[in-house]
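Order of the sequence lines fixes the chain letters, A, B, ..., with proteins taken first and strands second; residue numbering starts at 1 for each chain.
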Amino acid sequence: MSGELHDWATPRVSPVRLRPREITLRERAFDRASPLRSLDWVLLLAVGALVSVGGLLIWSATREHQIALGLAPDAFLKKHVINAFLGLCLGIGAALIDYRSLRAYAPIVYGASCLGLLAVLSPLGSTINGAHSWIVLPAGFQIQPSEFAKLAIVVGMAMLLGEKRDGEDTPRDSDVLQVLGLCAVPMVLIMAQPDFGTTMVFIFVILGVLSVAGAPARWVAGLLLAGVLAGAFVAPHVLKDYQLDRFRVVANPTAKLGGAGYNVHQAIVANGSGGLMGKGLFHGSQTQGRFIPEQQTDFVFTVAGEELGLVGAGGIILALGLVLWRGLRIATLATDPFGRLVAAGVVSWFAFQSFVNIGMTLGIMPVTGLPLPFVSYGGSSMFANLMAIGLLQNVHMRSHEL
Amino acid sequence: MTDRSRLRIVVLRVVVVSILMTLFGRLAYLQVAEGATYRRDAAQNRIRDVITPASRGQILDDKGRALVTNRTALVVSVTRSILQTQKHHGAQELAALAKIVGIPVADISRQITPCVYKDPKGKKVAPIPGCWNGSPYQPVPIASYASDKPAEVSRVLAISEHQEDFPGVKAEYQAVREYPNGSLAAHVLGYLGPLNDTDLTQSKYKNLAPGTQIGRTGVEDVYDDRLRGTDGVQKLLVDKDSTVKGTVGATDPKAGDNLVLSIDAGVQKVAEKALADGIAQARHTTDRNRGSHYAAPGGAAIVVEVNTGRVVAMASNPTYDPTAFVGGISSAAYASLSDAPGHPLISNAVQGLYAPGSTFKIVSTSAAVKAGYPLTPRIYSCPGSFQGKRNFEGESFATLDFRETLIRSCDTVYYKLAFEQWQKDGGRTGVAHPNEWFPKEARIWGFGKKTGIDLPDERSGLITDRAYKLAFWKKNKANYCKGAKRRGNPTYIASLAPGARPNNAYLQQVDSEFCADGYALNGGDAMNFAIGQGDVLITPLQEAMAYSALVNGGILYTPQLAKGFVSADGLTTSTLPPKVAGHVDTSPQEQAVRAYIKDALGGVTHPPGTAKGSFAGFPFDKLTVGGKTGTADVNNKAPTSWFASFAPVDKPKYVTIVMVPEAGTGGTTAAPIARKIWDGIFGLEGQKAQLASTPTSLPVVRNDGTIAPPGTKVVRPVPTVSPSSGPRALGAVPGLEWAEPARRSRIVAGRLG
């Protein structure tokens, strides 16, 4: 905590107080200028709710199978809690870090992410569930560098576009090109994995940050067009057959129930059969019968859909809405372009990733390996997500002070 | 913040709100609007019906000998419509399947390609040889494996174990039919085939899954529901790997009843062999009128019990082995069976129509008496011809009574009577209420309508009278009159063989005659009718029932093959009583007429009777046989050879009918066959007696499930636990009853949808 920011240390005396006394820690903590009071509590509660519900859903999805395997039924739940706790620590770190030093860290984070992505492509990388996105560490830990790369490009772009030069408010063409160059490196590495979903998140985040940064409309429109064209013409040549199948399944979900359509069909059946109130936690037949693969990670939303019904699954959408709303509010209230762009980037990231993840379980988006933020099981994504929330809080606290 | 940035954030906000609303809308749509559908899907996902097929009842002969039994086989079937939804129309799955079953991919695709289907552009594709004749939505059996071959079975069961890799392919145990006697009584027994979607519209197949084996013809078809039993269904809770996690409920399979036929396997064998031998003999006999051997393309032989109408033997030649249908028959194999010379799949006994020839004279004699001609005085002259119609081979005798007329089978006597009656009835055009004694009598004896035997697709035959001719004329007049004006009736021309089509002027002449008075009954038609020729067609079975009525006191029975049912455990039996279809006039004078005819026919097998040669040296001291020969002329072909017989003459037990088309006189071919059958039934002339007495009760099921002959004493164990049947719930909360992990097992066999 650097000196010029912590004016909360200044004692404030209540008018009704008759005599001055020592200021207690408690009073300091709840002081108007204290970081606890300047936190965005709504955001924090929404995230906390999502993480907690995620734990229940992961538990429900894995419990039965763990028992069948003779393993601890709550192993995944415990790991989720640990991930959340570690993520919380990282998030607090991100919230409390100094802006200036963040700028200093940004190149390091960016460089580390690129190195990590390179390592994935090297013999160090390994394939889990068909995605070559992982680095397996000793003691059963795995890292998915692409999750951290999302964070890196958000901060990196905010840094490039957020520094006012020559009093200009809007990025020049050269700034835009710089940003594109910055993002190109990790994107190419991620495409090489291949991880089409994360690439699409990148494109959406770039669009979000550039447009909020005030980039000329021609850039925004051009990028949007380029993205659509890439999806329509390039993807069929670059993507592997199984990836294309996932798109075809969205067009015709009943075809090929034995192949790519199977997952989507089972997911839709799980969601659809939940009804208004759901079948009750631990009582979903699709979930307990393990008809949906990767249910604790990519398809975790179907557990909510089936067991908690429209009320529970709708609640998750609502909570995600709260997170995004607070994120946009933070972007609006941000006092400097850097904070605003970080917030815009994080919102774009979560918005797109949530849409793709939930959309695929509802049969309106292709199946990609994108987890549902805060809810899905998985350490790397949890860490990256909570660090992003930490950054949002950081921006929020800074705008609160001024 | 610039205005542009502010605006962009607003846009981003709109995007976010749209995204969330899209997701929520879709979620609500799936869960609320479509919820019921998905709840049903989810339930089906979890509950697998494992069908325990009920074992189909055996078909037994009167003494409990098995005519049809069961064995278990693993049958692999492919549903083309499901396969088509796969990538490259399931090419990969087919290749994998081909490797497992060892049949080339090309052969499998040919077998499962429907004969009638349209290509993607909607154009009809010509059927390829060996195509599937059923629905494309139905599993096509492509291979079957005997369950006693473990190596093959375990290889094929890989399909069930990796069901997800084989969409549209099923490998399941099925009980298949076994025919211990090969082709014996094939036309009676019938065969099984898979249920197709046309059958599903019939109420008797309600609740059956497509592809279920059902009786396709014969008693297998008629008594399908009794034989089939009820499949057991186990409702299992499973996860996606088909790991069983519990049972929701189960019904036990209920085995089908055993069907006991009145057919006696011994007599049936004798009849089939005698018929086949007689036909073979005819094919080596020279037809003096043509100078070539008789064609004798087939024939029929029937033995019925005269006092019950039960069928003891029913042979049709040529025949087939129903084993060909076990585990599925390819269209090519089916076509080769159904198009083979003599049409082996058709039963000549109930589906063949023939002119009865002189065997019909029992009807004509009875009619003549009703028309006022006395039986006994020798007042009937038998000239060599009458009205230009020759007696058989031009024979002539002085004056005869009816006894001699029947024994010698004098046609001209009947010609004269029929001609007189035709004149009385008003000649060609007829009076208002003609007597028509002859066709009327034919109908009284059961001709012209189905006997009602327990076999499908029986034919009713044809008895032509004036009303029939008028109706036929009215129906076809327009066509003929058109033909009279122009070029001849096209349907008539088409009915003729290409080489036999006369010139157009002649056809026009024929048409104009029919157009003018096609309803008229010519004298020649009436005369022909009286000797069982021309416009009279019957089935051999109708003949058998008429002759039974002749000798049993005038009772027309409905012929029956089924004698009764014995449940699989043998505890319940039911006997089908004889069914009376009607009576030929039972007045004392008519009884006397029939007794006279019967007595006269007793003389046919002795000199100077028409069957004297065929029965020369027959041990009449042991068995008296009466009968009537028939030699029915057929256009351009050798005559149909008939012999209708009964024995013993004084108190007849059985009627035996033999019919061989294109085989000469009744005495040449049919009567010797009948003689061999009589030998076999009663054990004469060195034969073993197959049916000296008819079993009075049904066969018995022993405690071990095997079948014992009628009358065997079986001591039943006292049941300790009352047998449970019907649905039983195994879980307090259906759908939520979970088995212990240790009890979980993988399903490898059985029907997993």
Side-chain angles (χ1 to χ4, degrees), chain A residues 64 67-68 70 169-170 208 211-214 220 245 254-259 262 266 268-276 283-286 288-293 305-306 309-310 313-314 317-318 320-321 324-325 328 331-332 334 337 340 344 347-348 351-352 354-355 358-359 362-364, chain B residues 1-13 15-47 82 85-87 90 93 163-168 237-241 243 245 735-736 738 741 744:
Chain A
E64 186 68 30
I67 295 172
D169 295 338
T170 56
S211 58
V212 171
V220 178
D245 273 352
T254 52
K256 295 196 210 167
L257 293 186
Y262 175 83
Q266 296 299 347
I268 293 173
V269 169
N271 275 329
S273 64
L276 194 62
H283 288 101
S285 62
Q286 290 283 101
Q288 305 306 323
R290 297 199 305 116
F291 285 92
I292 301 142
E306 183 180 29
L310 185 62
I317 295 176
L318 189 71
L320 286 167
L324 299 175
W325 168 52
L328 284 168
T332 312
R340 178 157 49 251
V347 166
S348 304
F352 185 75
S354 303
F355 180 61
I358 297 177
L362 298 174
I364 54 173
Chain B
M1 184 162 48
T2 62
D3 287 347
R4 191 190 266 176
S5 288
R6 189 163 287 126
L7 182 68
R8 296 278 170 82
I9 291 178
V10 171
V11 171
L12 193 55
R13 188 169 287 146
V15 169
V16 165
V17 169
S18 326
I19 280 176
L20 296 173
M21 278 172 60
T22 304
L23 292 178
F24 188 82
R26 171 75 177 169
L27 181 69
Y29 171 75
L30 288 181
Q31 293 191 318
V32 180
E34 298 273 283
T37 314
Y38 291 115
R39 268 192 293 281
R40 201 193 57 220
D41 283 2
Q44 281 173 358
N45 232 345
R46 261 245 304 189
I47 297 172
I82 299 177
T85 64
Q86 303 304 309
K87 205 192 295 183
E93 287 82 0
Q163 193 62 66
E164 66 280 6
D165 296 338
F166 292 98
L237 285 174
V238 294
D239 69 5
K240 73 163 176 41
D241 301 322
T243 307
K245 299 185 139 195
L736 293 172
W738 299 85
R744 291 173 190 166

So which of A:F355, A:W325, A:F352 has the biggest tally of heavy-atom pairs under 4.5 Å with chain B?
A:F355

State, to 0.1 Å, how close B:Y38 and A:G272 come at their nearest heavy-atom pair, and which atoms those are.
CB-C, 3.5 Å

Determine the option with the most heavy-atom pairs under 4.5 angstrom with chain A, choosing from B:V16, B:L23, B:L20.
B:L23

Residue from A:L276, A:L362, A:I317, A:T332 scoring the most non-hydrogen pairs under 4.5 Å with chain B is A:L362

Heavy atoms of B:S5 and A:V212 approach each other most closely as OG-O, 2.6 Å

Against chain B, work out which of A:S211, A:A351, A:G321 has the most heavy-atom pairs shorter than 4.5 Å and name it.
A:S211

What are the two closest heavy atoms between A:E306 and A:Q286, and how far apart are they?
OE2-N, 2.7 Å

Taking side chain as everything from C-beta outward and backbone as N, CA, C, O, which of these in B:V17 sits under 4.5 Å from a heavy atom of chain A? Side chain, backbone, both or neither.
neither

Can you name the closest pair of heavy atoms from A:G208 and A:S348 and give their distance?
CA-OG, 3.5 Å

Residue among B:L27, B:L30, B:L12 with most heavy-atom pairs under 4.5 Å to chain A:
B:L27

Closest heavy-atom pair, B:D165 versus B:E93, reported as atoms and distance to 0.1 Å, is O-CG, 3.4 Å

Counting N and O atoms only, with roles assigned by atom type, does the side chain of B:Q31 sit under 3.5 Å from a partner on the main chain of A:N271, one being a donor and the other an acceptor?
yes

Do you know which of A:A334, A:G284, A:S354, A:A313 has the most heavy-atom pairs with chain B at a distance under 4.5 angstrom?
A:A313

